[in-house]
2 protein chains.
Amino acid sequence: MAEAHLQEALTTLKDSGVRITPQRHAILDYLVQSMSHPTADDIYKALEGKFPNMSVATVYNNLRVFRESGLVKELTYGDASSRFDFVTTEHYHVICDSCGTIVDFHYPGLDEVEHIASHVTGFQVRHHRMEIYGVCGSCRQKDTHEQL
Amino acid sequence: MAEAHLQEALTTLKDSGVRITPQRHAILDYLVQSMSHPTADDIYKALEGKFPNMSVATVYNNLRVFRESGLVKELTYGDASSRFDFVTTEHYHVICDSCGTIVDFHYPGLDEVEHIASHVTGFQVRHHRMEIYGVCGSCRQKDTHEQL
DNA sequence: ACACTAATTATAAAGATTATAAAGTAATAT
DNA sequence: ATATTACTTTATAATCTTTATAATTAGTGT
């Protein structure tokens, strides 16, 4: 399953004339395997065993390449680092204000909102982002015990 | 109208024990007056006429104070600077991918989404963010003429 | 006006990301 | 096969936004 996603991604890249270097293969592989939403630095650190000489710039460059090929979505926040999400099916994210955990959340796209926004503002709407924030189950338990 | 908002904000601050300095007054005033969504640097530059010695840190510090008092919302993006929005009524934002213009968009809160997210993930949901992206009217005209 | 405390300033530091230039590697044509 | 070319990686420096620090200044209640 994950393997299939990786193969498909590699084919997509090859077909659009992007070379498959060992570094790119490894970064993609990590993105597919990791069920989390890693930062560029997470990826850099995770791969420094295999590629002791890899530069952070390589990670950033290739994440940009993947983003431009539509393989990866960049989740941007204010001060903190961007997180990168391998694109499979459409979904939103629910984020814990306390520990930062990101949980995938499947919900039908908000087409109506897009239509109304387009109508009201005169924009040609192309996409939207939505995130839901709160406190995750384990942080709530901690809070209860610690009287936080 | 704008004056009323400013006065109300000043009262809120005073009541919570925050000193009203000339800098704070000016920053709040600018936020209320400007119908845009300025960055910290926008504010800093706009006020350097009145306050030639004001530090950027003062702008950031006070924007944080206002945020913590609930007077101002911080709109965070990835690489770019945060933008600050004086809180009046609840609304979302529609953002132009081409020129960055931010337009206010009034729409009922997505309560249902929050409820379902809470139910599915076990989070105690507290808030959400949504932005709609596209191309604004004037950029679309430009694109047509320039065959972009 | 005085004393107390908070706010401002100037500066440095931190952190994430991008730019640059040199060296390396893969693809293509000869 | 080899030379040529274009693309990648590496190492490093630079940029940009934001925060931390320490010294000075200024509000506020008595």
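Lettering of chains follows the sequences in order, A, B, ..., and the numbering in each one begins at 1.
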Residues that, via side-chain heavy atoms closer than 4.5 angstrom, fall in one hydrophobic cluster with B/V87: none
Hydrophobic cluster partners of B/I95 (side-chain heavy atoms under 4.5 Å): B/L75, B/Y77, B/I102, B/Y133
Sugar-phosphate only, base, or nothing, as touched by B/T58 at under 4.0 Å among non-hydrogen atoms: base
Residues 116-123 of chain B, side-chain donor-acceptor partners within the protein, below 3.5 Å, at least two apart:
| unit_1 | atom_1 | unit_2 | atom_2 | d |
| --- | --- | --- | --- | --- |
| B/S118 | OG | B/F123 | O | 2.9 |
| B/T121 | OG1 | B/A117 | O | 2.6 |
| B/T121 | OG1 | B/F123 | N | 3.3 |

Of residues 39-57 of chain B, the positions that come close to DNA chain C - non-hydrogen atoms, cut-off under 4.0 Å: B/N53, B/M54, B/S55, B/A57
Rounded interatomic separation in angstrom, taking OH from B/Y60 and P from D/dT21: 18 Å
Nucleotide-resolved protein contact map, nucleotides 22-30 of chain D, B/S/- at heavy-atom distance under 4.0 Å: ----BBS--
Phosphate OP1/OP2 of D/dT9 contacted by A/N62 side-chain N/O (<4.0 Å): yes
Salt bridge (charged side-chain N to carboxylate O under 4.0 Å, His left out) partners of A/E114, counting only residues at least two apart: none
Residue list, side chain to side chain contact (heavy atoms under 4.5 Å, CB included) with B/H106, at least two apart or on another chain: B/T89, B/H91
Please output the side-chain donor-acceptor pairs of residues 14-21 of chain B that fall under 3.5 Å, not counting sequence neighbours, one pair per line with the distance.
| unit_1 | atom_1 | unit_2 | atom_2 | d |
| --- | --- | --- | --- | --- |
| B/S16 | OG | B/T12 | O | 3.2 |
| B/S16 | OG | B/L13 | O | 3.0 |
| B/T21 | OG1 | B/R24 | N | 3.1 |

Salt bridge (charged side-chain N to carboxylate O under 4.0 Å, His left out) partners for A/R67, two or more places apart: A/E74
Range on DNA chain C touched by chain A - first to last nucleotide, heavy-atom distance under 4.0 Å: C/dA16 to C/dA26
Sequence neighbours left out, cut at 3.5 Å: what donor-acceptor pairs do the side chains of residues 43-51 of chain A make with other protein atoms?
| unit_1 | atom_1 | unit_2 | atom_2 | d |
| --- | --- | --- | --- | --- |
| A/K45 | NZ | A/D41 | OD2 | 2.4 |

Ring pair (Phe, Tyr, Trp, His ring centres under 6.0 Å) partners of A/Y30, counting only residues at least two apart: none
Side chains of A/D42 and A/H37, donor plus acceptor under 3.5 Å: no
